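Data first, discussion second: the structure below is written as structure tokens.
Keep in mind that the numbers below use all heavy atoms, side chains included, and drop hydrogens, waters and symmetry copies. This is a predicted model, so every value here is computed, not measured.
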Amino acid sequence: PSHDSVNVSHARIRGLEITNGFQGNLGNWGWKGSCGITLLDPKDLNGLPSNSSMNLKKDSISTLDQLLRQIGKPDRPQLLKYRNRTIIKASITQSWKNLSYTTFYRFNSLTTGIDQPLYLVVNGLESFMQKHNKGNHIADMTLAYSFYKKHEIQFTVHNIGNTEYLVVPGFIAEQRRFIVQYRLNF
């Protein structure tokens, strides 16, 4: 059996996004921050054919199997594939004179709607998804020093906790990474 990828032609993604930010000084310290949450309800409105439009003589056994699994949920839309339903992001920067420290945080809920054949193709995907079934928490930090108004040196650590997570099913994100950067603004 082959598996063909098909774009969803009729979808509805309901959602709510709330963001907030602040900036100010407390003594000699500058503070800046932001946070936000995105909640999604991504649906494939094509879903399954209704019972009245179904011709059992012409439709495939797999469609019949899908219908039998949907008993009690007629015409219920399916979730869109490869979506995170909850995303949370936050950052805070503290600065003092020419020195600044920034912490970034993000949470991605568990990816939903993974194609079943992918579990057969990607070795260990099922056990990984079972082990990491609560989503992932990732933190980064940057320490920066500015000098002569146009120069800056930054030290950044991505994925501080060295968290193992998937960007998309089958693709493991980068491990902890250290970056030293020099910037000249002109």
Side-chain angles (χ1 to χ4, degrees), residues 1-21 32-48 62 65-66 69-70 76-94 100-145 152-183:
S2 68
H3 174 73
D4 294 326
S5 179
V6 178
N7 284 333
V8 174
S9 61
H10 189 64
R12 178 191 69 221
I13 302 175
R14 291 183 183 162
L16 173 68
E17 182 171 55
I18 301 170
T19 59
N20 194 9
K32 181 170 53 172
S34 65
C35 60
I37 183 169
T38 304
L39 303 170
L40 298 175
D41 184 28
K43 300 288 182 161
D44 172 0
L45 297 178
N46 289 333
L48 298 171
S62 65
D65 180 55
Q66 289 177 354
R69 284 186 276 134
Q70 293 295 318
R76 182 176 178 184
Q78 302 296 308
L79 288 174
L80 288 174
K81 295 184 178 296
Y82 305 106
R83 304 295 171 127
N84 302 94
R85 298 190 69 183
T86 304
I87 302 167
I88 301 171
K89 294 182 178 182
S91 72
I92 189 163
T93 300
Q94 304 166 337
S100 67
Y101 174 77
T102 304
T103 302
F104 301 96
Y105 166 80
R106 64 191 173 281
F107 168 77
N108 293 320
S109 65
L110 184 67
T111 302
T112 59
I114 299 171
D115 290 316
Q116 293 303 311
L118 199 56
Y119 287 104
L120 300 173
V121 176
V122 179
N123 188 26
L125 179 60
E126 185 174 7
S127 63
F128 186 93
M129 295 300 288
Q130 288 172 353
K131 181 179 175 187
H132 299 89
N133 64 357
K134 303 278 192 244
N136 55 66
H137 302 269
I138 308 299
D140 306 327
M141 59 77 58
T142 299
L143 182 63
Y145 179 72
E152 184 176 74
I153 294 177
Q154 289 185 349
F155 174 69
T156 302
V157 181
H158 289 279
N159 193 359
I160 293 170
N162 204 26
T163 303
E164 191 176 53
Y165 68 102
L166 299 176
V167 176
V168 294
F171 182 67
I172 294 178
E174 293 180 348
Q175 295 178 325
R176 182 183 305 127
R177 182 171 49 131
F178 300 93
I179 299 171
V180 176
Q181 183 178 37
Y182 166 76
R183 291 176 44 173

Does either side chain, that of [X] or that of [Y], offer a donor lying less than 3.5 Å from an acceptor on the other one?
{"X": "His132", "Y": "Tyr165", "answer": "no"}
{"X": "Ser91", "Y": "Ser34", "answer": "yes"}
{"X": "Thr142", "Y": "Thr156", "answer": "yes"}

Flag, side chain of [X] to backbone of [Y], donor-acceptor distance under 3.5 Å:
{"X": "Asn162", "Y": "Arg176", "answer": "yes"}
{"X": "Thr111", "Y": "Tyr82", "answer": "no"}
{"X": "Asn159", "Y": "Glu174", "answer": "yes"}

Worksheet entry | Check against side-chain contact (heavy atoms from CB on, under 4.5 Å), Tyr105 and Ile88 | CA-CA 8 Å; Tyr105 166 80; Ile88 301 171; 4.3 Å; yes
Are [X] and [Y] packed together at the side-chain level, in the sense that at least one heavy-atom pair is separated by less than 4.5 angstrom?
{"X": "Ile87", "Y": "Glu17", "answer": "no"}
{"X": "Arg83", "Y": "Ile13", "answer": "yes"}
{"X": "Met141", "Y": "Leu143", "answer": "yes"}
{"X": "Tyr145", "Y": "Gln154", "answer": "no"}

Practice prompt. Could you tell me whether Phe171 atom CZ has more than 12 heavy atoms of other residues or ligands within 6.0 Å of it?
Written response: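 No, the 6.0 Å shell around CZ holds no more than 12 heavy atoms from other groups.
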Worksheet item: Does Asn123 CG have over 12 foreign heavy atoms under 6.0 Å away?
Response: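 Atom CG in Asn123 is not crowded, with 12 or fewer foreign heavy atoms closer than 6.0 Å.
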[atom1]-[atom2] distance between [X] and [Y], expressed to the nearest 0.5 angstrom:
{"X": "Thr102", "Y": "Gln94", "atom1": "OG1", "atom2": "CD", "value": "8.5 Å"}
{"X": "Ile18", "Y": "Ile37", "atom1": "CD1", "atom2": "CD1", "value": "7.0 Å"}
{"X": "Glu126", "Y": "Ile114", "atom1": "CD", "atom2": "CD1", "value": "10.5 Å"}
{"X": "Thr86", "Y": "Leu40", "atom1": "OG1", "atom2": "CG", "value": "7.5 Å"}
{"X": "Lys43", "Y": "Leu80", "atom1": "NZ", "atom2": "CG", "value": "9.0 Å"}
{"X": "Ile92", "Y": "Thr103", "atom1": "CD1", "atom2": "OG1", "value": "7.5 Å"}

Discussion item. Please verify the inter-ring angle class for Phe107 with His137; under 30° counts as parallel, over 60° as perpendicular, anything in between as tilted.
Written reply: tilted
Worksheet entry | Contacts of type side chain to side chain contact (heavy atoms under 4.5 Å, CB included), residue Asp140, not counting sequence neighbours |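 Partners of Asp140 under the side chain to side chain contact (heavy atoms under 4.5 Å, CB included) test: Phe104, Arg106, Ile138, His158.
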Worksheet item: When you look at Arg12 and Asp44, which way does the side-chain contact (heavy atoms from CB on, under 4.5 Å) test go after all the steps?
Response: CA-CA 7 Å; Arg12 178 191 69 221; Asp44 172 0; over 6 Å; no
Item to complete: Grab the two heavy atoms, one from Asn84 and one from Ser109, that are nearest each other, plus how far apart they are.
Response: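 That would be ND2-O, 2.5 Å.
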Worksheet item: Between Leu166 and Phe128, is a side-chain contact (heavy atoms from CB on, under 4.5 Å) present by the stated rule, with each step listed?
Response: CA-CA 9 Å; Leu166 299 176; Phe128 186 93; 3.3 Å; yes
